[in-house]
Amino acid sequence: MTFSISVRTAAVVLSLCILWVGAAMAQDTKPADNPVVATVNGEKVLLSDLQTLYADLPERVRRIPFEQIYRPLLEQVIQIKLSSAQARKNGLHKSSFIQRRLQSFADRILQETYLKNHVDRMVTEDQLKEAYHEYLKKFRGDEEVKARHILLKTKKESMTVIDALEKGAEFANLAREKSIGPSKTNGGDLGWFDKKQMVKPFADAAFALKKGEFSKMPVKTQFGWHVILLEDRRRKAPPKYAAMKSRLKDQLGSKLAEQEIERLRAEARIVRFGPDGEPLDVGKPKKKEQK
């Protein structure tokens with residue numbers, strides 16, 4: 001597997017910042033949970049360094065499990081250690097540009113950590129359960145149906161099956177005998193599904209049926225011709241509290257974070273300037289007109 005981390009995403013700069021401020025954060029982790037995974041000229045590389053880099057990758061890359069890209073991540077951190085050490089030897093870390101970038105990244109990490117700690121401290125279990133009950137009051141799950149089908153190659157074969165059903169043939173038995181679909185072994189049973197889970201012609205036909213009714217005309221899809229039996233319908237059940245807890249905390253946390261930022265803003269003395277250096281605040285003194 002080949003794997004690379006684009007410099008354009010500023011991963012290297014971010015990692016330099018992590019190496020600058022991350023040592024103190026790593027001390028909070030037990031050594032058993034944060035082992036040394038490499039040394040570079042005597043400097044330790046910790047598992048948390050790789051995990052932090054992994055967390056900042058694009059979402060499409062994070063779909064790959066950490067364990068599968070462990071080695072590429074390790075090599076990337078080693079590369080960063082080597083390059084950053086050489087940069088320090090060359091005195092690049094003393095430049096005002098690098099110092100401003102490092103400070104900017106450190107500010108972002110500190111903001112994120114501060115707001116996370118604030119939310120963790122403020123959000124209670126009772127608040128989360130109350131939010132869940134409010135969610136349940138508004139929840140209206142998508143409709144689901146339970147159906148069977150018989151898949152055939154031609155419309156003529158499908159009409160023959162429909163004729164047999166109208167004469168009293170048992171649907172599941174016909175599915176086992178006639179269907180060419182993988183569900184034939186369990187009598188054409190498709191289980192529960194919503195409209196989004198099936199191709200549109202099939203879904204439209206299935207949801208139009210009444211409970212216990214089979215389609216009087218076959219339904220054509222790219223898979224062939226279907227005869228459908230609707231066995232039951234229901235509303236999808238809401239997710240359990242445990243499954244919603246993290247999402248609810250994010251929602252409550254977002255509001256609490258905004259409130260905390262507003263509190264800090266209200267207590268601060270902030271003066272804004274435009275790109276020309278002129279004050280932006282309302283009430284700034286007007287320039288005197290030349291006589």
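For reference, positions follow the sequence shown, starting with 1.
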Count the heavy atoms belonging to other residues, nucleotides or ligands that lie under 6.0 Å from CD of Gln127, then report whether that count exceeds 12.
yes
Just by modelled atom types, is the Asp126 backbone N or O under 3.5 Å from a matching donor or acceptor in the Glu130 side chain?
no
Got a sec, which residues hit salt bridge (Lys or Arg N to Asp or Glu O under 4.0 Å) with Arg62, two or more places apart in sequence or on another chain?
none
Establish, from distance only, whether the side-chain atoms of Ser254 and Gln251 form a donor-acceptor pair under 3.5 Å.
no
Could you tell me whether the side chains of Glu177 and Asn173 share a donor-acceptor contact shorter than 3.5 Å?
no
Passes salt bridge (Lys or Arg N to Asp or Glu O under 4.0 Å), Glu143 versus Arg235? Steps please.
CA-CA 4 Å; Glu143 189 176 23; Arg235 287 284 175 183; 5.1 Å; no
Measure the acute angle between the ring planes of Phe139 and Tyr135, then classify it against the limits of 30° and 60° as parallel, tilted or perpendicular.
tilted
Heavy-atom closest pair (Glu170 atom, Leu165 atom, distance to 0.1 Å) is C-CD2, 4.4 Å
What's the shortest heavy-atom distance between Val40 and Val45, and which atoms?
CG2-CG2, 4.1 Å
Before accepting this row, confirm whether a basic side-chain N of the pair Arg263/Glu267 lies closer than 4.0 Å to the acidic partner's carboxylate O.
yes
Pi-cation contact, Phe207 with Lys195 (under 6.0 Å, within 45°):
yes
Using every non-hydrogen atom in the two residues, find where Pro201 and Thr221 come nearest and quote the distance to one decimal.
CB-CG2, 4.2 Å
Inspect the contact between Lys236 and Asp194 and indicate whether a charged nitrogen and a carboxylate oxygen are less than 4.0 angstrom apart.
yes
Looking only at non-hydrogen atoms, find the nearest pair between Ala147 and Asp189 and report the distance.
O-OD1, 3.7 Å
Modelled atom types, side-chain donor and acceptor of Ser158 and His226, under 3.5 Å
no
Least distance between heavy atoms, Asp120 atom then Lys249 atom:
OD1-NZ, 2.7 Å
